[in-house]
Chemist: 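After the structure tokens below, expect a handful of questions from me.
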Amino acid sequence: MDFNHFNVDLLKMAKEASDHKKTDSEVINATLGVFLNDYMNLYSFKSVEKALKNIDQEQLRSYLALDGGEAYKNNILKYLFATIDSPILKSFYHYETWTSGGSGAIYLALNFYRGKTVLLPNIRWPEYDQMVLSLNKEIKEYSLIVDNQFNLTGLKKIFDQTTEKEIFIVINDPARNPTGYSLTVGEHREFIELVNSFETKLKINVLYDLAYL
């Protein structure tokens, strides 16, 4: 896929969609992922605003720790694993840091990956492509869904046939953009079993993008 011809102004598209909706109630504006209230106005959580106002302004505006700080990292671990004493954390190497948004986290993960091939589903958020290609890595597509199920068979075939020593795959779940598809508990288990079955043959790097959790 060649994305060199893309020159998309999302803010302009959002404005056009917003104006169009004023004259046609059937229009659905899906240009930007923003949180609106029932009256289609930008909305923010009052609890978050209150918390920000209560933070000392000098502390709020000063430079933070490069990795987010211990309190931030511990809260992330508690959010993901319920406790910082999780058996998962004791069994595996882990490192926490912060980025300016989910896109920054994805870019860092791709940048740290020393291999060449990145597996992406044939239906996906297009910004994945921009990040992969900007790092001079190659995109390999697989069919996302077969017979209304996550295409584990297609992934296994790719893993079996690759001649590389390691590979990178992006899993966007739950509510995969743009399909809304969510893996079942069974599909999660089968995916983990599939990755583990290649432990001695292939290093499989999994980026789990849970932006819509």
Side-chain angles (χ1 to χ4, degrees), residues 1-3 6 8 10 13-14 28-36 68 75-77 79-82 88 92 94-159 162 164 166-198 202-213:
M1 298 175 70
D2 183 7
F3 289 85
F6 274 16
V8 179
L10 286 177
M13 291 173 61
I28 297 175
N29 183 359
T31 54
L32 294 175
V34 294
F35 187 36
L36 305 178
N75 283 332
I76 289 294
L77 294 177
Y79 177 71
L80 291 174
F81 302 107
I88 295 176
F92 296 93
H94 60 92
Y95 176 77
E96 300 76 41
T97 189
W98 78 279
T99 66
S100 54
S103 297
I106 294 168
Y107 184 87
L108 280 181
L110 287 166
N111 189 46
F112 288 139
Y113 167 54
R114 297 308 176 196
K116 191 69 177 176
T117 301
V118 178
L119 286 180
L120 296 175
N122 59 335
I123 308 172
R124 60 183 179 270
W125 183 48
E127 299 308 317
Y128 288 139
D129 298 64
Q130 303 287 19
M131 286 183 267
V132 173
L133 297 177
S134 73
L135 292 166
N136 296 315
K137 300 187 185 298
E138 296 177 359
I139 295 171
K140 186 174 182 63
E141 285 190 342
Y142 69 93
S143 296
L144 174 62
I145 299 170
V146 174
D147 297 329
N148 295 320
Q149 292 183 320
F150 184 56
N151 187 18
L152 288 161
T153 302
L155 285 179
K156 184 179 185 304
K157 185 176 180 180
I158 292 174
F159 295 157
T162 186
E164 299 181 49
E166 67 175 306
I167 205 165
F168 190 107
I169 180 171
V170 178
I171 300 293
N172 178 204
D173 184 80
R176 179 184 291 272
N177 184 353
T179 65
Y181 185 82
S182 296
L183 276 70
T184 65
V185 172
E187 287 171 335
H188 273 289
R189 288 174 176 160
E190 289 180 48
F191 175 72
I192 293 170
E193 290 171 0
L194 173 63
V195 171
N196 287 342
S197 70
F198 282 85
L202 175 67
K203 181 178 180 181
I204 302 174
N205 302 274
V206 180
L207 170 63
Y208 199 84
D209 181 359
L210 43 73
Y212 303 104
L213 182 63

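The figures here come from the full heavy-atom set of this structure, side chains too, leaving out hydrogens, waters and symmetry mates.
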Chemist: Between Leu213 and Tyr208, is any pair of side-chain heavy atoms under 4.5 Å apart?
Modeler: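 No, their side chains stay 4.5 Å or more apart.
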Chemist: Suppose we screen for salt bridge (charged side-chain N to carboxylate O under 4.0 Å, His left out). Which residues come up paired with Lys157, at least two apart in sequence or across chains?
Modeler: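 For Lys157, no residue satisfies salt bridge (charged side-chain N to carboxylate O under 4.0 Å, His left out) once neighbours in sequence are set aside.
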Chemist: Report the distance from atom CG of Leu155 to atom CG of Leu119, rounding to the nearest 0.5 Å.
Modeler: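 CG of Leu119 is found 6.5 Å from CG of Leu155.
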Chemist: Whether the side chain of Asn151 engages the backbone of Ile145 through a donor-acceptor N/O pair (distance < 3.5 Å, no angle test) should be reported.
Modeler: no
Chemist: Passes side chain to side chain contact (heavy atoms under 4.5 Å, CB included), Thr162 versus Leu202? Steps please.
Modeler: CA-CA 9 Å; Thr162 186; Leu202 175 67; 3.8 Å; yes
Chemist: Which distance, rounded to the nearest 0.5 Å, do you find between the CG of Leu108 and the OG1 of Thr97?
Modeler: 7.5 Å
Chemist: Does a donor on one side chain sit under 3.5 Å from an acceptor on the other, for Tyr181 and Glu187?
Modeler: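 Side-chain D/A pair, Tyr181 to Glu187: present.
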Chemist: To the nearest 0.5 Å, what is the distance between CD1 on Ile169 and CG on Leu120?
Modeler: 8.5 Å
Chemist: Which is it for Ile171 and Arg176 under the side chain to side chain contact (heavy atoms under 4.5 Å, CB included) test, yes or no, and what are the steps along the way?
Modeler: CA-CA 8 Å; Ile171 300 293; Arg176 179 184 291 272; 4.3 Å; yes
Chemist: Is there a side-chain contact between Phe150 and His188 (heavy atoms, below 4.5 Å)?
Modeler: no
Chemist: Sub-3.5 Å donor-acceptor pair from the side chain of Asn122 to the main-chain atoms of Leu144, do we have one?
Modeler: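 Yes: the side chain of Asn122 pairs with the backbone of Leu144.
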Chemist: Applying side chain to side chain donor-acceptor pair (under 3.5 Å) between Thr117 and each of Lys140, Glu164, Lys137, report the one that passes.
Modeler: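 Exactly one pass, corresponding to Glu164.
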Chemist: Hey, does Phe92 have a side-chain heavy atom less than 4.5 Å from the side chain of Ile88?
Modeler: yes
Chemist: Do Arg124 and Ile139 have side-chain heavy atoms sitting under 4.5 Å apart?
Modeler: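 The answer is yes, as the side chains (C-beta and beyond) meet within the 4.5 Å cut-off.
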Chemist: Atom OH in Tyr79, atom CG in Leu210: separation rounded to 0.5 Å?
Modeler: 7.0 Å
Chemist: Taking all atoms of both residues into account, what is the closest heavy-atom pair of Trp98 and Gly68, and its distance?
Modeler: CD1-N, 3.2 Å
Chemist: Taking C-beta and beyond as the side chain, do Leu183 and Pro174 meet within less than 4.5 Å on heavy atoms?
Modeler: no
Chemist: Nearest 0.5 Å please: distance from the CD1 atom of Ile204 over to the CD atom of Glu166.
Modeler: 10.5 Å
Chemist: Strictly distance-based, threshold 3.5 Å: is any side-chain N or O of Thr99 a donor or acceptor partner for the main-chain N or O of Gly104?
Modeler: no
Chemist: Shortest non-hydrogen contact from Asn172 to Asp209?
Modeler: ND2-O, 3.0 Å
Chemist: Show me, pair by pair, the donor-acceptor contacts under 3.5 angstrom made by side chains of residues 189-198, not counting sequence neighbours?
Modeler:
from: Asn196; atom 1: ND2; to: Ile192; atom 2: O; distance (Å): 3.4
from: Ser197; atom 1: OG; to: Leu194; atom 2: O; distance (Å): 2.5

Chemist: Are Pro121 and Tyr128 close enough that some pair of their side-chain heavy atoms sits under 4.5 Å apart?
Modeler: no
Chemist: For the pair Asp173 and Tyr212, evaluate side chain to side chain donor-acceptor pair (under 3.5 Å) and give the outcome as yes or no after the intermediate values.
Modeler: CA-CA 7 Å; Asp173 184 80; Tyr212 303 104; over 6 Å; no
Chemist: Are any of the side-chain heavy atoms of Ile106 and Leu207 separated by less than 4.5 Å?
Modeler: yes
Chemist: For the residue pair Phe168 and Tyr113, categorise the inter-ring angle as parallel (less than 30°), tilted (30 to 60°) or perpendicular (more than 60°).
Modeler: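 Geometry flag for Tyr113 against Phe168: tilted rings.
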Chemist: To the nearest 0.5 Å, how far apart are NZ in Lys116 and CG in Leu135?
Modeler: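 One finds 10.0 Å between NZ of Lys116 and CG of Leu135.
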Chemist: What is the minimum heavy-atom distance between Ala175 and Ser182, and which atoms define it?
Modeler: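 The pair with the smallest heavy-atom distance is N-OG, 2.8 Å.
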Chemist: Evaluate the side chain to side chain contact (heavy atoms under 4.5 Å, CB included) criterion for residues Glu96 and Leu77: first the C-alpha distance (whole Å), next the side-chain angles of each, then the deciding distance (0.1 Å), finally the verdict.
Modeler: CA-CA 8 Å; Glu96 300 76 41; Leu77 294 177; 3.4 Å; yes
